[in-house]
Amino acid sequence: MIDILRRLNPQQHEAVTSPAGQILVLAGPGSGKTRVLTQRIAYLIHEQGIKPSHILAVTFTNKAAREMRSRLERMLGRGVEALWLGTFHALCARIMRREADLLPFDSNFVIMDADDQVSIVKGILKELNIDDKLHSPNSVHGRISNAKNALTGPNEFSARTYREEVARRVYERYEEVLRANNAVDFDDLLLWAVRLLEDNPAIREKYAKQFEYVLIDEFQDTNQAQYDLLKHLSSYHHNLFAVGDEDQSIYRWRGADYRNVLRFMSDFPKAEKLLLERNYRSTQNVLDAAQAVINQNRARTPKKLFSKRGSGPRVVLYDAVDDHAEAAYVVEDILERIAAGEKGGGIAIMYRTNAQSRLLEEAFLRTNLPYRLVGAQRFYGRREVKDLIAFLRLVHNPYDAVSLNRIINVPPRGIGSKTLIDLNLQAQENAATLTDILLSLGTQGQESPYWEPFTTRGASVLADFGALLVNWREFAESSSLPALFDRILSDTGYKDYTDDGTEIGEGRWENVMELRRLAYEFEERGLTAFLENVALVSDQDTLPDAPEAPTLLTLHAAKGLEFTTVYIVGLDEGLLPHSRSFEDPEEMAEERRLFYVGITRAKDNLILVRAGQRSTFGRYEYTIESRFLEDIPEDLLRRQGVRLGVRSVNPLSQPRWSPSGSVLEESGSKEPAEPRYKAGMRVIHDTWGDGMVVETRVLGSDETVTVMFETVGLKRLAASIAKLEIVK
DNA sequence: GTGGCCCCTGTTTTT
DNA sequence: CAGGGGCCAC
């Protein structure tokens, strides 16, 4: 085994070897915080003789947990299976399955994914006769989720407005539905774990006694429930080691509160605070740019990032004509880098929204350059994948009505809306669940008390499906997961259903086969583990360890990673910062942190890219340069690309794709226009309604008008295209 | 009961 | 532009 403390700088060394107690390590990007965490665990086990089973370490992603475990095993030269290491959600699920006796569900509960959660809310809105236009399922669910993360139950839910009252009523019912389905949602994993520990002192003590040392990574992104969990789990030995960086807190919308970092110090007055400022990752230019961006935020612990890697190349700022040119530029630039010997695997392209990946993917496909897209959603969100998972979930937990509803008529087996209404009616009249009726029909057929009320046809199709379910459940008792998977495929004729011979159909079937491969991986661990894994995978978890090809990922997914070359695209107002953050300074500060996280992923090269116009909803609109770019000192930058003034032609008729922006020659020759608008003027736009002119500029033969609209915020328009009516 | 067509709406981020 | 829901014809 290698020397654990080798190659640590004095600050890192101090953190790794800190004595027992509460330690807060504030670590800038690239300062080796994951390393500190890993080595501290190794130190505790090897030097302090702590049993691995007495250590609890919480990471942000499953992937981070996996990597940490294998690194530890390499360092210590032995397995550390007993070490409690994983994400909050995975650890909570583990504790809850063990202690299910004390909870209002069985130990084989299912975990509802985001889609399931919203569709449950949607169903409840319908049931309660609430207009889902006024109260969108998404926003109602968001309120419920926020409440849960703040440990607020439906009874304590404040309902001062009608909107909140609606949310409260849905919340109440939502909980009933989950219980009836023997299900929990993501937030429940945390919520019920906290309740379990709070309501059962003996259980709390059991775990708190076990965990002599508790360690947590990415502490700035913990929410109330997670914070409480940490306090409970460390309430006996009081050894809590937290590592984090306020500047990298990017999950506020999920209830995370970077002020937990401050709370830590006030809750544990004897806590020791350590700072890691030496950056081992980036060049000084990258760090200076990052620093310039983040310094605009208040309420943070000032840190001075420094690097000994030299200043490095300047940050490139590329101004593309439009979003197609943006993607084309990025891919061409990457081709050049690769031709010059750079490794594709060290390159990443980051963006604010997933939708932005599409044009980039298309550009990659055109050049035949391979790429990697990070995103679990891409696979697990597929209809065919969700279908198969629903079958498996139903076998695992037949009371999972969400899954049942999903696949009761998939592939079509004659159970249409009429039969479903009858089925629901029967369930209601007999105070039974749909599953009870199906299983009864499936085992007893015509002898079943439920046979009579249905039409003959209805009863028989339901009985057939019930019989399938019964058989699968029996089969699952004695057979392996892959066998069950194949049995379901053949019993349902799923291949014929998905694979219609078209390319798309084949793609769908390939996805099914990919899931099947995954099922094989879980042959030993079984169905429960498989489903839990499927429910808890994150986007980051899908990132290959050593990708050969450039990686496309969201800024959120980039947290904790590093690349030689980083492109951040879409540096336009409305995208980064996202328009949803315009009204709330807290949200704006978070957008800034998100940008900061992106910048600090870069080791050597940072390329910032924006597009002068961009299609949203299929329509082209002019964009305004991101406000964050103004914060980066000019002497760190190298500006490239085409500054698009304004063209007097319809942007829709422009060529879509052009190599490095040779398009723009056409302005200039026409005579300048007279300005018609001026700042302060009130105007009306066909689509966006009332607005006020903020700025106007004459460029070439046209005039660019920047207008603040009441409905959609800032827009930049070409006067010749947008019909702006002036209000006196 | 199913499948196809048309209209509408809506884009953050994800454990 | 695209995915979902509603409506209509078989």
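No experiment lies behind these values; they were computed from the predicted model shown. The chains referred to below are lettered A, B, ... by the order of the sequence lines, with proteins before strands, and numbering in each begins at 1. Basis for what follows: all heavy atoms, side chains included, without hydrogens, waters or symmetry-related copies.
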With a 4.0 Å cut-off, would you call [X] and [Y] a salt bridge?
{"X": "A/R593", "Y": "A/E246", "result": "no"}
{"X": "A/R393", "Y": "A/D116", "result": "yes"}
{"X": "A/D464", "Y": "A/R413", "result": "no"}

Sort me out a list of protein N/O and nucleotides 2-6 of chain C N/O pairs below 3.5 Å, or just none if empty.
{"from": "C/dG5", "atom 1": "OP1", "to": "A/K122", "atom 2": "NZ", "distance (Å)": "2.9"}

message = Let's go through A/R252 and A/D221 carefully: what are the C-alpha distance in whole Å and the side-chain angles of both, what is the deciding distance for salt bridge (charged side-chain N to carboxylate O under 4.0 Å, His left out) to 0.1 Å, and is it a yes or a no?
response = CA-CA 8 Å; A/R252 197 180 107 92; A/D221 276 323; over 6 Å; no
request  = Give a yes/no verdict on base stacking between B/dT13 and A/W253: centres under 5.5 Å, planes within less than 30° of parallel.
outcome  =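 Yes, A/W253 stacks on the base of B/dT13.
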key: Most 5' of A/Q117 and A/N138 on DNA chain B, judged by nearest nucleotide   =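 Nearest-nucleotide comparison on DNA chain B picks A/N138.
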query = Starting at CZ of A/R593 and ending at P of B/dT13, how long is that distance when rounded to a whole Å?
reply = 18 Å
ask   = Rounded to whole angstrom units, what separation is found between the CZ atom of A/R614 and the C1' atom of B/dT11?
value = 13 Å
Residue A/T353, side-chain heavy atoms: nucleotide from B/dT13, B/dG1, B/dT11 that is nearest =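 So the nucleotide nearest the side chain must be B/dT13.
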ask   = Where the side chain of A/N354 is concerned, which of B/dT11, B/dT2, B/dT13 is the nearest nucleotide?
value = B/dT13
For [X] and [Y], take the angle between the two ring planes, folded into 0 to 90°, and tell me which bin it lands in: parallel under 30, tilted 30 to 60, perpendicular over 60.
{"X": "A/Y207", "Y": "A/W84", "result": "perpendicular"}
{"X": "A/W253", "Y": "A/Y251", "result": "tilted"}
{"X": "A/H89", "Y": "A/F186", "result": "perpendicular"}

task = For B/dT11, take OP1 and OP2 only and decide whether either is under 4.0 Å from a side-chain N or O of A/S579.
result =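 For B/dT11, OP1/OP2 do not have a side-chain N/O of A/S579 under 4.0 Å.
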query = Quick one: is B/dG1 close enough that its OP1 or OP2 comes under 4.0 Å of any side-chain N or O from A/T419?
reply =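 A/T419 to B/dG1 OP1/OP2: side-chain N or O found under 4.0 Å.
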Provide a list of protein-nucleic acid N or O atom pairs under 3.5 angstrom, restricted to nucleotides 3-5 of chain B.
none

message = Can you see whether A/E361 engages A/Y371 through a side-chain donor-acceptor pair at a distance of less than 3.5 angstrom?
response =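 Yes.
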